[in-house]
J.: 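Please read through the structure below; I'll follow up with questions.
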There are 2 protein chains.
Amino acid sequence: MKKREEITAQTKQNIIDAFWGLYCEKRIEKIKVRDITDKAGYNRGTFYEYFTDVYDVLEHIENSLIPTLDELPPVSMPSGTIGMPLDMFLKLYEQNSRYYSVLLGDNGDPAFASKLKNSIKPTIVKVFADKQNVDQIELDYIMEYTLSAMIGIMSYWVKRSEHLTSEKLFELIFRLMEEGVMKQLPR
Amino acid sequence: MKKREEITAQTKQNIIDAFWGLYCEKRIEKIKVRDITDKAGYNRGTFYEYFTDVYDVLEHIENSLIPTLDELPPVSMPSGTIGMPLDMFLKLYEQNSRYYSVLLGDNGDPAFASKLKNSIKPTIVKVFADKQNVDQIELDYIMEYTLSAMIGIMSYWVKRSEHLTSEKLFELIFRLMEEGVMKQLPR
DNA sequence: AAATTATACAACATGGTGTCGGATTATTCA
DNA sequence: TGAATAATCCGACACCATGTTGTATAATTT
């Protein structure tokens, strides 16, 4: 006989897992509470003991995937170069690729990309911090450019089941950031 | 007395406009058919004469915003440089900023970004075409990087109500692409 | 082992969906 | 012109999903 807390934690997790199975296959608007509880093996009413609606489940999952400042993965890069946030970002993706590929994909949640960007921003700000001669507005644009590019290429990477080693990918992004796109296309 | 076709075209447009008004304010899952027809001044049943459901309206709008190959805006740039697709992209954004800022925003549709990328891809392929020494796989990654960065920074631009001239923005992106991110941060 | 607490369920009222047939308005053609 | 035809738009219907409430059952406490 299991403890109460373990049971409810298990139930909640079962609901989450059932939801995620469905979310990987179809758009969230096509997922009914009934579908989830059927798949998880509970009564429909039980769902509402844990979540307010289908979107609440997604939010729960998303929040567990957004690193807070203090729990960002440790980096092995010297600070002050683009290598630092890049290394951190890559670790995040490696840890959560199963989820990121869906959340950042075509049936994903556009708000999740924003949340992710905001959680990474402070690290990049640090890299840019000692660059004094740049206009703040321009810096914001460069920030958005950098974050979008990183998220874009890494999403592509996990979607392609990582058919490049993470070292190769790191190398490539580093070069793209340091030297620009066109320099990577010789001839 | 107006012609039949004009009336129905008008009705359809009224429904689209009403939908868009709501879509700018809230997530699509909160938009009911009833809300749309109330705002447009029709019976709820009339909606189904024109669209199958709420998502169908969005798809209709999206399709009208994805340029087909032959109707891409004309560019004033020499081909073979990143300036060409960049110029094209910028024109697209200027023409449709009202819609793009919403569709590519936090309450937007992640699939729309993909559609847009795919419609632009051929133009960038042209730019990359004469670069022979690069691995195809690596090229795909660079493509994704480029497209994501462009869409990201331009979405930011239209969201900020274009508080940079398009020329300034063009200049900035051009430099970021040609010389890299870090080179834009002196000191 | 009895009392207490909490989990999971069945049943209900409400509200949204999509589809009819019919009323009304515009167009066609005698 | 005006009767016949065709289409738009509407009201009503059956169905499904939602979210809530009261209750049986199982676990924990004393």
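Letters A, B, ... are given to chains in the order of the sequence lines, protein chains preceding strands, and every chain is numbered from 1.
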J.: I need the CD-P distance between Gln10(B) and dA7(D), as an integer number of Å.
T.: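 After rounding, the gap between these two atoms is 20 Å.
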J.: Under a 4.0 Å threshold between the charged nitrogen and the carboxylate oxygen, would Arg27(A) count as salt-bridged to Asp109(B)?
T.: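 Between Arg27(A) and Asp109(B) there is a salt bridge, with a charged N closer than 4.0 Å to a carboxylate O.
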J.: Select one nucleotide: of dC10(D), dA17(D), dT17(C), the one nearest the side-chain heavy atoms of Lys32(A).
T.: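 Within the option list, the nearest is dA17(D).
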J.: Within this structure, what is the CG-CD1 distance for the pair Leu104(B) and Ile151(B), rounded to the nearest 0.5 Å?
T.: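 Separation between the atoms: 6.5 Å.
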J.: What is the distance, rounded to the nearest whole Å, between atom CG of Asp56(A) and atom P of dG19(D)?
T.: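 Answer to the nearest Å: 11 Å.
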J.: Between Asp38(B) (CG) and dG16(C) (P), how many Å, whole number?
T.: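 That distance rounds to 10 Å.
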J.: So does Thr11(A) get a side-chain nitrogen or oxygen closer than 4.0 Å to the phosphate oxygens (OP1/OP2) of dT7(C)?
T.: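 It does not, given that no N or O in the side chain of Thr11(A) lies less than 4.0 Å from OP1 or OP2 of dT7(C).
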J.: With a 6.0 Å cut-off on the ring centroids, do Tyr93(A) and Phe89(A) count as close?
T.: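 Centroid separation for Tyr93(A) and Phe89(A): below 6.0 Å.
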J.: In whole angstrom, give the distance that lies between atom CD1 of Ile31(B) and atom P of dG16(C).
T.: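 The answer, rounded to whole Å, is 14 Å.
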J.: Given dC9(D), is OP1 or OP2 found less than 4.0 Å from the side-chain N or O atoms of Asn43(B)?
T.: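 Checking dC9(D) against Asn43(B), no side-chain N or O comes under 4.0 Å of OP1 or OP2.
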J.: Contact class for Tyr42(A) (heavy atom, under 4.0 Å): base, sugar-phosphate, or nothing?
T.: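 Touches sugar-phosphate only.
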J.: For Tyr48(A) and dC12(C), give me the distance from atom OH to atom P, rounded to whole Å.
T.: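 The distance from OH of Tyr48(A) to P of dC12(C) comes to 18 Å, rounded to the nearest Å.
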J.: Of the options dT7(C), dG18(C), dC9(D), whose atoms approach the side-chain atoms of Tyr50(B) most closely?
T.: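 So the side chain of Tyr50(B) is nearest to dC9(D).
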J.: Could you say whether Val33(A) or Arg44(B) is positioned toward the 5' end of DNA chain D, judged by the nucleotide with the nearest heavy atom to each?
T.: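 Closer to the 5' end of DNA chain D: Arg44(B).
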J.: Kindly point out which of dG19(D), dA8(C), dG18(C) is positioned nearest to the side chain of Thr46(A)?
T.: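 Nearest listed nucleotide: dA8(C).
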J.: What is the distance, rounded to the nearest whole Å, between atom CG of Asp53(A) and atom C1' of dA17(D)?
T.: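 Going from Asp53(A) (CG) to dA17(D) (C1'), I get 13 Å.
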J.: Starting from P on dT18(D), measure out to NZ on Lys30(B) and report it in whole angstrom.
T.: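 Result: 11 Å.
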J.: What is the separation between atom CZ on Phe51(B) and atom C1' on dT19(C), rounded to the nearest whole Å?
T.: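 Phe51(B) atom CZ is separated from dT19(C) atom C1' by 18 Å.
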J.: Quick one: are the ring centres of Tyr141(B) and Tyr156(A) less than 6.0 Å apart?
T.: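 Distance test on ring centres: under 6.0 Å, yes.
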J.: Taking the basic N atoms (NZ, or NE/NH1/NH2) and the acidic carboxylate oxygens, is any pair closer than 4.0 Å for Asp140(A) and Arg160(B)?
T.: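 Yes, this pair counts.
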